[in-house]
*Asks:* 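This is the structure, below, for whatever I ask next.
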Amino acid sequence: MTTARRLRLGLLLAVVLVAAVAIGAGLVRAAFYQASAASPAPGPRAAVTPVVGTVGQCAGQPAQAARELRGMWLTTVYNLDFPSRPGLSEAKVRAEYLGWLDLAVAQRHNAIFVHVRPSGDAFWPSEYAPWSNWLTGRFDGKSPGWDPMEFMVAEAHARGLEFHAWFNPYRGTQPAPSGVGTDAAKLAPNHPLRLHPEWRIAYPKGRTGRFYFDPGIPEARRFVEDSMLEAVRRYDVDGVHFDDFFYPYPEQDEDFPDAASYQRYGAGRSKADWRRDNVNTLVREMHERLQQLKPWVRFGISPFGIWRNRATDAKGSASSGLESYDAIYADTRTWVRSGWLDYIAPQLYWTIGFDKADYTTMLKWWAALTEGTKVQLYIGMADYRVGEKNDWSKPAMLDREMTLNRKYGVQGEIHYSASQVRDDKLGAVTRYREAHYAAPALPPGPARLGAAAPATPQLTAARRDPSGRLVLNATALSATNWALYRTTGGPATLVATGRAGADIADPRPAANATYCLSAVDRNGNESPLSPGLAAAQ
């Protein structure tokens, strides 16, 4: 996941440089290859199959709401999305963030994935990491004087959006001059890789070098876990999210220099198996520790879209690209089969018909992998590629891919990245929003958590506010969230969601409407709908 990276389309392909620098923003960027000329041309729009969620009755009418995750990645590294530049005032950072939340609401998203640890730093006052220079504009680790994380979580929840804290576990710095690179003298005084040089690995050589925490040192791995779990303990986050950065993507003729830790901890395993075990241990331990700390917090990873190719492993996909199992030691299949995740969101940043990794083929492989497990399948969508050559020059590509997602039981999408969602190149975002996000949706609850539904709330009154919204009063709303349904004589549809304490409001009320309310708990369990309340016009 980064705007700048090498996409290596397989061990059979030459290494291709990704556009710009490797940004470390999370999320693998598929390289600027040309899509296959054999890709089928867009035909008539297929009927969209909704993801069925709530089924009930509102004022005698059937009520239904989709259950799917809809989100976007808000990238902070290199200030690609947010903040727009380093060193902005608190007021400007706050205003920019609220603008991104307004965008999410306008797109009818229900989650936002915010990059709060892009590279060994933090967007909160941390005992484990210095303040991010992408926020402060400095490398000295000094506080900006306020707590962005507290603000960001609260404001997302006030708008009915889940807040997923996005972390890069092992990256310690970014390349100079925007980052520290591999100059230890420029690390903040409290930077853990300055305090623990034995944990520090520089890779690759040259101007694109950065520091990493050595994944092979148990103390370093535990420290990285602690630093991320600190945010979970301190803030009411809804999810912990990793992208595809564990061991770095390989450089030509240069191996990751972890010989010392391998000699000490390898225990007779091959270096590749040992590295995979190190990553597996991180994933497993984060899963276990989250269960102990806050079991309702969802844990998910957005890996590179290919586990292994079928030519290498019969269990792999019919593809011929980079194999994350072998190249970056990410055994995504084991994570799913072992149940160490609540969801997996593979980055399927290819077109339908692309010969090295056809979107449809890859989607089917991931759907088959997650079938029968409690790991939910979301898809990382390549909004950033719209407008590139060949099939990405057609505004319908994302729309067509999302139609396939529904066909194969995908439970949501995350769009890379927020800037591309905002820019809406070729009208592609508007097209898929109207086709697939026409009404709000409730996020799916974790499949591993079962609980009794919360008590049914009661609507008691309704009034218009000066902005034209219809604001409703309720009693007995004891769960963390609510969902508001409306009927005007036909089937009731979901019109708004929100956090308990926020206004229960229909932003665009209709004439002769009757409303019903449900309560939704932290686990995603929904109460029966309340009796209907007719809103006076």
Side-chain angles (χ1 to χ4, degrees), residues 1 5-16 18 27-31 33 35-36 38-39 242-250 256 269-284 300-341 343-382 401 404-405 407-411:
M1 294 182 218
R5 150 161 323 166
R6 299 178 181 194
L7 173 71
R8 298 145 172 102
L9 282 177
L11 302 176
L12 304 177
L13 298 174
V15 175
V16 182
V18 177
L27 311 171
V28 151
R29 310 292 164 250
Y33 53 73
S36 167
S39 299
F242 296 168
D243 50 50
D244 58 313
F245 289 136
F246 297 97
Y247 280 89
Y249 281 78
F256 188 68
R269 292 164 289 182
S270 72
K271 182 175 280 191
D273 285 343
W274 171 71
R275 286 174 173 173
R276 272 187 291 274
D277 285 347
N278 293 333
V279 177
N280 286 349
T281 299
L282 172 77
V283 173
R284 175 178 52 78
I301 296 178
S302 180
F304 184 76
I306 299 173
W307 172 69
R308 298 189 97 185
N309 299 315
R310 189 173 295 168
T312 303
D313 190 319
K315 297 184 291 292
S317 52
S319 52
S320 57
L322 174 140
E323 298 168 298
S324 59
Y325 178 93
D326 302 280
I328 57 175
Y329 312 102
D331 189 0
T332 50
R333 188 175 185 276
T334 289
W335 305 344
V336 171
R337 290 301 182 186
S338 300
W340 295 338
L341 303 172
Y343 69 85
I344 195 159
Q347 299 163 27
L348 300 191
Y349 292 170
W350 304 294
T351 56
I352 298 169
F354 178 60
D355 54 355
K356 301 297 187 293
D358 168 57
Y359 186 92
T360 308
T361 299
M362 300 310 303
L363 176 63
K364 290 179 181 179
W365 188 88
W366 285 101
L369 175 64
T370 53
E371 185 177 6
T373 74
K374 292 186 177 181
V375 178
Q376 295 168 341
L377 177 61
Y378 309 151
I379 300 297
M381 304 300 299
E401 291 179 345
L404 287 172
N405 293 351
K407 178 179 179 180
Y408 290 102
V410 171
Q411 292 179 273

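Computation of the quantities below employed the complete heavy-atom set of this structure, encompassing side-chain atoms and omitting hydrogens, waters and symmetry-equivalent molecules.
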*Asks:* Please report the closest heavy-atom contact between Ile344 and Pro303, naming both atoms and the distance.
*Replies:* CG1-CD, 3.7 Å
*Asks:* Which residues satisfy the salt bridge (charged side-chain N to carboxylate O under 4.0 Å, His left out) test with Lys364, sequence neighbours excluded?
*Replies:* none
*Asks:* Nearest 0.5 angstrom please: Leu282 CG to Ile301 CD1, how far?
*Replies:* 7.5 Å
*Asks:* Taking the side chain as every heavy atom from C-beta outward, state whether Leu348 and Glu401 have any pair of such atoms under 4.5 Å apart.
*Replies:* no
*Asks:* Identify, with sequence neighbours excluded, every residue that meets side chain to side chain contact (heavy atoms under 4.5 Å, CB included) alongside Arg284.
*Replies:* Thr281, Glu288, Trp340
*Asks:* Under the rule for ring-ring contact (aromatic ring centres under 6.0 Å, His included), what residues qualify as partners of Tyr359, not counting sequence neighbours?
*Replies:* none
*Asks:* With side-chain contact (heavy atoms from CB on, under 4.5 Å) as the criterion, how do Leu377 and Tyr408 come out once you've worked through the C-alpha distance, each side chain's angles and the decisive distance to 0.1 Å?
*Replies:* CA-CA 10 Å; Leu377 177 61; Tyr408 290 102; over 6 Å; no
*Asks:* By side chain to side chain donor-acceptor pair (under 3.5 Å), which residues pair with Asn278, not counting sequence neighbours?
*Replies:* Tyr247
*Asks:* Quick one: does any side-chain atom of Asp358 pair with a main-chain N or O of Gly353 as donor and acceptor, under 3.5 Å?
*Replies:* yes
*Asks:* If you measure from CE on Met362 to CZ on Phe354, what distance do you get to the nearest 0.5 Å?
*Replies:* 11.5 Å
*Asks:* Say you draw a straight line from CZ of Arg275 to CD1 of Ile328; how long is it, rounded to the nearest 0.5 Å?
*Replies:* 12.0 Å
*Asks:* Treating Thr370 as the side-chain partner and Ala367 as the backbone partner, does any N or O pair qualify as donor plus acceptor under 3.5 Å?
*Replies:* yes
*Asks:* Between Thr312 and Glu323, what is the shortest heavy-atom contact and its length?
*Replies:* OG1-OE2, 2.7 Å
*Asks:* Would you list the pairs meeting salt bridge (charged side-chain N to carboxylate O under 4.0 Å, His left out) in which at least one residue belongs to residues 305-315, sequence neighbours left out?
*Replies:* Arg308-Asp313, Arg308-Asp326, Asp313-Lys315
*Asks:* Kindly determine whether Leu322 and Ile306 satisfy side-chain contact (heavy atoms from CB on, under 4.5 Å), including the steps that lead there.
*Replies:* CA-CA 7 Å; Leu322 174 140; Ile306 299 173; 5.9 Å; no
*Asks:* Residues in side chain to side chain contact (heavy atoms under 4.5 Å, CB included) with Asp331, at least two apart?
*Replies:* Arg276, Asn280, Trp307, Tyr325, Arg333, Thr334
*Asks:* With side chains defined as the heavy atoms from C-beta onward, is the minimum distance between Pro346 and Ile379 less than 4.5 Å?
*Replies:* yes
*Asks:* For Phe304 and Trp350, I'd like to know if the aromatic rings sit close, meaning centre-to-centre distance below 6.0 Å.
*Replies:* yes
*Asks:* Listed by chain and number, what are the side chain to side chain donor-acceptor pair (under 3.5 Å) partners of Thr373, not counting sequence neighbours?
*Replies:* none
*Asks:* Of the non-hydrogen atoms in Ser302 and Ala345, which two are nearest, and what is the gap between them?
*Replies:* OG-O, 2.7 Å
*Asks:* Can you name the residues that form a side chain to side chain donor-acceptor pair (under 3.5 Å) with Ser319, not counting sequence neighbours?
*Replies:* Asn309, Ser317
*Asks:* Find the distance between CD (Gln347) and CG (Asp244) and round it off to the nearest 0.5 Å.
*Replies:* 4.5 Å
*Asks:* Can you list the steps and then say if Leu369 with Arg337 is a side-chain contact (heavy atoms from CB on, under 4.5 Å)?
*Replies:* CA-CA 8 Å; Leu369 175 64; Arg337 290 301 182 186; 3.6 Å; yes
*Asks:* Can you name the nearest heavy-atom pair linking Thr361 to Ala318, along with the distance?
*Replies:* CG2-O, 3.7 Å
*Asks:* Can you give me the closest heavy-atom contact between Pro250 and Ala327, atom names plus distance?
*Replies:* CD-O, 3.7 Å
*Asks:* The criterion is salt bridge (charged side-chain N to carboxylate O under 4.0 Å, His left out); which residues satisfy it with Arg269, sequence neighbours excluded?
*Replies:* Asp277
*Asks:* Taking the side chain as every heavy atom from C-beta outward, state whether Tyr343 and Gln411 have any atom pair closer than 4.5 Å.
*Replies:* no
*Asks:* Closest approach of Gly380 and Tyr349, non-hydrogen atoms and distance?
*Replies:* O-CE2, 3.3 Å
